[in-house]
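Below is one structure; the comments refer to it alone.
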Amino acid sequence: MKIGIAGLGAIGLHVAQELDRGGIPGCELGGISARNADRAAEANATLSKPAPVYTLHEIADHCDIVVETLPPQLFMDLAIPTIEAGKELIVLSASQLMGQQALFDRAAETGAKILIPSGAILGLDAIKGAAVGNLVSVVIETRKPVAGLAKAPYVIDNNIDLSNLSEPKLVMGGAVTDVAKVFPANVNVAVAVSLAGYGTDKTRMEVWADPSLEKNQHTVRVVSDSSDFTMTIQNRPTEENPATGKITALSVIAMLRQKTSVLQVGT
Ligand SMILES: NC(=O)C1=CN([C@@H]2O[C@H](COP(=O)(O)OP(=O)(O)OC[C@H]3O[C@@H](n4cnc5c(N)ncnc54)[C@H](O)[C@@H]3O)[C@@H](O)[C@H]2O)C=CC1
Ligand SMILES: O=C([O-])CC(=O)C(=O)O
């Protein structure tokens, strides 16, 4: 299978390098898409075999699977041609799938598939199982170091004082649909949790500023008629982008390895 990587930042470059070194059986790097020719050349210089460079509109025509690791505002520029080409699209900017029912409807017509890896979150398998029965509540609580939230436009516009916090402070809570409107940079994982089961209107999100933390921490609490569970993950940041956890690229690699594995673990 030829894998295309669109966006060679904290996530994309790691996945491209793993493909290049033959770390994903049955998959090869079919092409890359970068911000400009210089960035593409920089990325290719880190690979043993330079990959062909394509635009966001072309890459799906040359690959079986396209991995989207772009700034969120470019998501649709890649998603539309990939869906039109009937290919598989692995989505990291999951927040951009909110309100895009038309994209899912079109994929059903073209044979395209939209895949969301676990990325920086955990427990999507258990939520999917529980959702086959009846979910009663799903809450994702995101706690960030104060510095990670102090400059968010919602915090500034509402004069929320995060200086000198001695204990964690709830900055905003509500349906993922509503929190996403004011914290667009923090909702990929919340949208992934929502799409695994309860939807963005019923899944609740809380954003906390926590002076005791140095890393982003996400806790997912689920109550259902089959099981109740609470899971917490603390992500070590990548060197390239402190907002992105190292586990995210590893999760994409694991998803691609699963494509050709005889053993599938998890739902
Ligand atoms: N689902 C999840 O668990 C997670 C999702 N994310 C999301 O994944 C996405 C990628 O994250 P990162 O790799 O950390 O971002 P990044 O900012 O490190 O990388 C994005 C790359 O896209 C490149 N780019 C810019 N314009 C482009 C264009 N026109 N064509 C091709 N490439 C272009 C940039 O130069 C940069 O190298 C973001 O939307 C981020 O929010 C991040 C962490 C976890
Ligand atoms: O914790 C992380 O690594 C990323 C995160 O919050 C998100 O993208 O929603």
Side-chain angles (χ1 to χ4, degrees), residues 4-18 29 31-47 51-60 62-63 66-82 89-98 100 114-125 127 140 142 144 148 152 176 180 183-196 200 203 205 215-218 220 231 233-256:
I5 310 282
L8 296 151
I11 306 170
L13 189 59
H14 286 269
V15 179
Q17 289 169 341
E18 188 67 13
L29 185 57
I32 58 171
S33 196
R35 185 168 49 198
N36 54 39
D38 288 348
R39 292 299 294 256
E42 257 175 56
N44 264 332
T46 73
L47 306 177
V53 181
Y54 301 114
T55 66
L56 297 179
H57 291 266
E58 295 165 343
I59 192 164
H62 303 272
C63 298
V66 179
V67 183
E68 176 275 319
T69 48
L70 290 166
Q73 64 276 16
L74 295 174
F75 172 75
M76 289 301 269
D77 293 352
L78 176 75
I80 291 171
T82 306
L89 177 65
I90 296 185
V91 174
L92 275 298
S93 304
S95 60
Q96 302 308 301
L97 287 169
M98 265 183 40
Q100 297 292 357
I114 299 168
L115 294 85
I116 305 178
S118 299
I121 196 63
L122 79 181
L124 302 185
D125 51 349
I127 299 173
I140 172 164
T142 290
K144 300 216 168 194
V176 170
F183 285 104
N186 298 294
V187 289
N188 294 303
V189 296
V191 171
V193 164
S194 304
L195 294 178
T200 54
T203 303
M205 183 177 195
K215 304 184 196 92
N216 292 349
Q217 174 179 299
H218 307 287
V220 180
M231 302 161 293
I233 187 167
Q234 269 197 6
N235 290 325
R236 295 190 218 302
T238 54
E239 280 98 47
E240 298 88 342
N241 182 353
T244 293
K246 281 184 178 171
I247 196 169
T248 315
L250 304 183
S251 163
V252 177
I253 293 166
M255 178 179 252
L256 289 171

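The basis for the numbers below is simple: all heavy atoms, side chains too, and nothing from hydrogens, waters or symmetry mates. Note that ligands are numbered from 1 as they come in the structure, with each ligand's atoms numbered from 1 the same way.
Under the ring-ring contact (aromatic ring centres under 6.0 Å, His included) criterion, H62 pairs with Y54, not counting sequence neighbours. When the side-chain hydrogen bond (donor to acceptor under 3.5 Å, both in side chains) test is applied to E18, the partners found at least two apart in sequence or on another chain are R21, R257.
If you take CG on L195 and CE on M98, they are separated by 9.5 Å, rounding to the nearest 0.5 Å.
The shortest N or O to N or O distance between E68 and ligand 1 is not under 3.5 Å. Looking at A34 next to ligand 1, an N or O pair under 3.5 Å apart turns up. Checked by distance only, ligand 1 and T244 come closer than 3.5 Å through their nitrogen or oxygen atoms. Distances between N or O atoms of T248 and those of ligand 1 include no value under 3.5 Å. Close N/O approach between G119 and ligand 1 is not found [any backbone or side-chain N/O within under 3.5 Å]. Here's the thing with A10: one of its N/O atoms is less than 3.5 angstrom from an N/O atom of ligand 1. Note: an N/O pair closer than 3.5 Å links L92 and ligand 1 by distance alone.
Annotation for ligand 1: atoms under 4.0 Å from non-hydrogen atoms of P72 are 39 (O). Residue-ligand proximity, V189 to ligand 1, at heavy-atom distances under 4.0 Å covers atoms 3 (O). Against a heavy-atom cut-off of under 4.0 Å, L8 is close to the following atoms of ligand 1: 21 (C), 37 (O). Taking every non-hydrogen atom of S33 and a distance limit under 4.0 Å, the qualifying atoms of ligand 1 come out as 31 (C), 32 (N).
Two residues are said to be in side-chain contact when any heavy atoms from C-beta on lie closer than 4.5 Å; Q17 and T46 meet this criterion. At a threshold of 4.5 Å between non-hydrogen side-chain atoms, the residues L89 and E68 count as touching.
For the residue pair E240 and H14, a side-chain donor N or O sits within less than 3.5 Å of a side-chain acceptor on the partner. In the model, T142 has no side-chain atom that pairs as donor or acceptor with a side-chain atom of Q217 under 3.5 Å.
Among L56, I80, L70, V91, the one residue that satisfies the side-chain contact (heavy atoms from CB on, under 4.5 Å) test with F75 is V91. Paired with L122 under the rule side-chain contact (heavy atoms from CB on, under 4.5 Å), one option of I233, I127, V193 passes, and it is I233.
The two atoms that bring V189 and A120 nearest to each other are CG1-CB, 3.8 Å, heavy atoms only.
Selection from E42, H218, Q73, R35 by nearest heavy atom to atom 33 (C) of ligand 1 gives R35. Nearest-residue assignment for atom 22 (O) of ligand 1 (options G9, P71, A43; heavy-atom criterion): P71. Among L74, I11, L56, the residue whose heavy atom lies nearest to atom 13 (O) of ligand 1 is I11.
At least one heavy atom of T69 sits closer than 4.0 Å to an atom of ligand 1.
In E240, neither the side chain nor the backbone holds a heavy atom less than 4.0 Å from any atom of ligand 1.
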